[in-house]
Amino acid sequence: MKMRYVVLGLLILFLWSFPAYAGAPLDTVKVNADKVLDVLRDPKLKAPSAKEIRKKKLEVIYAEMFDEVELSRRTLARNWNKLNEAQRKEFVHLYHQVLEKAYADKILSYTDEKIVFDREAVISANMAEVYTRIITSSKEIPIMYRVILSDGAWRVYDVVVENVSLVQNYRTQFNEILAKNTPEQLLEILRKKVKAS
Amino acid sequence: MAPIRRKAEEILRILKLLWIPALSFALLFAGCAHGPQAVSSPAPQAESLQIRLVSEAAESEPPDVNAPEEPSPYGEYTDEEESLDYPEEGGQAAVGKIADPIEPFNRAMYNFNDRLYFWVLKPVAQGYSKVVPEPARISVSNFFSNLWSPVRLVNCLLQLNPMGALTELFRFWINTTIGVAGFFDPASSEEINLQAQDEDFGQTLGFYGVGQGFYIVWPFLGPSSPRDTVGRIGDYFTYPISYLDPWYVWTAVRGYEVVNDVSLRIGDYESLKDAAIDPYVAMRDFYVQYRQKRVEAKGTKPKPVSEKQTGETLPTPTGPMDRIFPLNREEP
């Protein structure tokens, strides 16, 4: 009798874990978004003095949630090939800081927003789109995440807010800069942008 | 057959709602004055941060393990990847590109509007929002939005979208009656779920294949194109407020509408600008992407409803449009 339960238990465990070896794209985004909300909601971290701690925690989740290199490659698209490997690494680093400066405070200021996860759409074997909405007191903002399967996990490489793709928006800007400037000059512009603000 | 059936069900659903305006008329004539606000508050109750899973996608296939290996993360960028990036738009050439032959003029106008915003519009809107609380400002915004109904309705018709036009008609009816002259928006509530159809004449021209042409930044009005400029003229003649008689009344009302709208969006432009490397180009791309998707999206669909609320199982939300099958996977 006991043996039967053990076998049954193992079977359930096996069946249960089988389809979840990479996790569905939507679940992966949701798990990470939940972690972000946990940090924002944590009463121990509510104090303004704890802002740096919250930022650090968000940084860790961000690294887990986003595929930064993929995001950078897709932003530069063909222009990625104009950069040498060292420049690419620096670009990824600087781009990260630009995004952090632009959005970290915004995310930290969220209080009563609600996130709704609507659906996911499979684009190809390793790409998918996750559709969500942020509901605030006065409006509803559709946010779609483009995710890619890298190193066995679904990671975000583009965020589409109200139908406007972040990667596309920066790509247009970088294209314009690189049409008239060298990659080194682009990096210099980014260094200045990071130092300012 | 299925789409026809779905359409029929939709029409039935809308017809079922007919009793609401009928009832509201009865209430009005009976002189009953209990607060229609109770029907629906325009602002969704913002409970503390809360995640709700509305519906999960159907079977998300486990990813193909034998997929070709990704190149090293810092490797070269290949053109095949580029075409994979935005497959729904058929390559990236069509996405977010617009000619900008009058860039020096546009940049000057962009700077003018930027100053107009920071020096005039924003301080006025901030002062206004100190005096008028947010719920009241949302109501005012609902009121004007209700008056934009003719524009949305006419353009739904012009875009051969009778369901959209019908939705707008019922929205106008419901919001004008139980929504107290449009100050509340019960039609958008989860129970009624008739969403405003974001359509205008610029999109109608786009629907018939008219391209944006090139980029123009107008003083006061902001980003536009020849197509959307013509569209705005059409919108002007369809918007009832435009017919207010002495010109200064029109100007004052329109000005108030703008200030009220801006008061609800303070910070949006600032974050776009702060995040940008070149704010002018960022704004231009934002405008082009936004308008292009608005033209592609025919009308606005009802919000997905969670299973809990309807008590019935939802059909799987993945249709042929949602799902582009990978080329290297065999279909069952």
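Quick note on labels: first sequence line is chain A, next is B, and so on, each numbered from 1.
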Given the options B:Y290, B:Y280, B:F286, which has more heavy-atom pairs under 4.5 Å with chain A than any of the others?
B:F286

Please determine whether the number of non-hydrogen atoms from other residues, nucleotides or ligands lying under 6.0 Å from atom NZ of A:K57 exceeds 12.
no

Side chain, backbone, both or neither: which part of A:L190 has a non-hydrogen atom closer than 4.5 Å to chain B?
side chain

In sequence, state the C-alpha distance, the side-chain angles, and the governing distance for A:E176 and B:R284, and then conclude on side chain to side chain contact (heavy atoms under 4.5 Å, CB included).
CA-CA 12 Å; A:E176 206 120 310; B:R284 187 183 71 200; 3.1 Å; yes

So, do B:D285 and A:Q173 sit near enough that their side-chain heavy atoms are less than 4.5 Å apart?
no

Quick check on A:V92 against chain B: is it the side chain, the backbone, both or neither that has a heavy atom closer than 4.5 Å?
side chain

Heavy-atom contact with chain B under 4.5 Å, split by part of A:V164
both

Please state whether the side chain, the backbone, both or neither of A:Y103 comes within less than 4.5 Å of a heavy atom of chain B.
side chain

Are the side chain of A:K101 and the backbone of B:D274 linked by a donor-acceptor contact shorter than 3.5 Å?
no

CG/A:L186 to CD1/B:I277 distance, rounded to the nearest 0.5 angstrom?
8.0 Å

Checking heavy atoms, do the side chain of A:I177, its backbone, both or neither come under 4.5 Å from chain B?
side chain

With chain A, the option among B:S141, B:A275, B:S271, B:G267 that has the most non-hydrogen atom pairs under 4.5 Å is B:A275

Would you find more than 12 non-hydrogen atoms of other residues, nucleotides or ligands less than 6.0 Å from A:D151 atom CG?
no

Side-chain contact, heavy-atom cut-off 4.5 Å: A:N169 with B:Q289?
yes

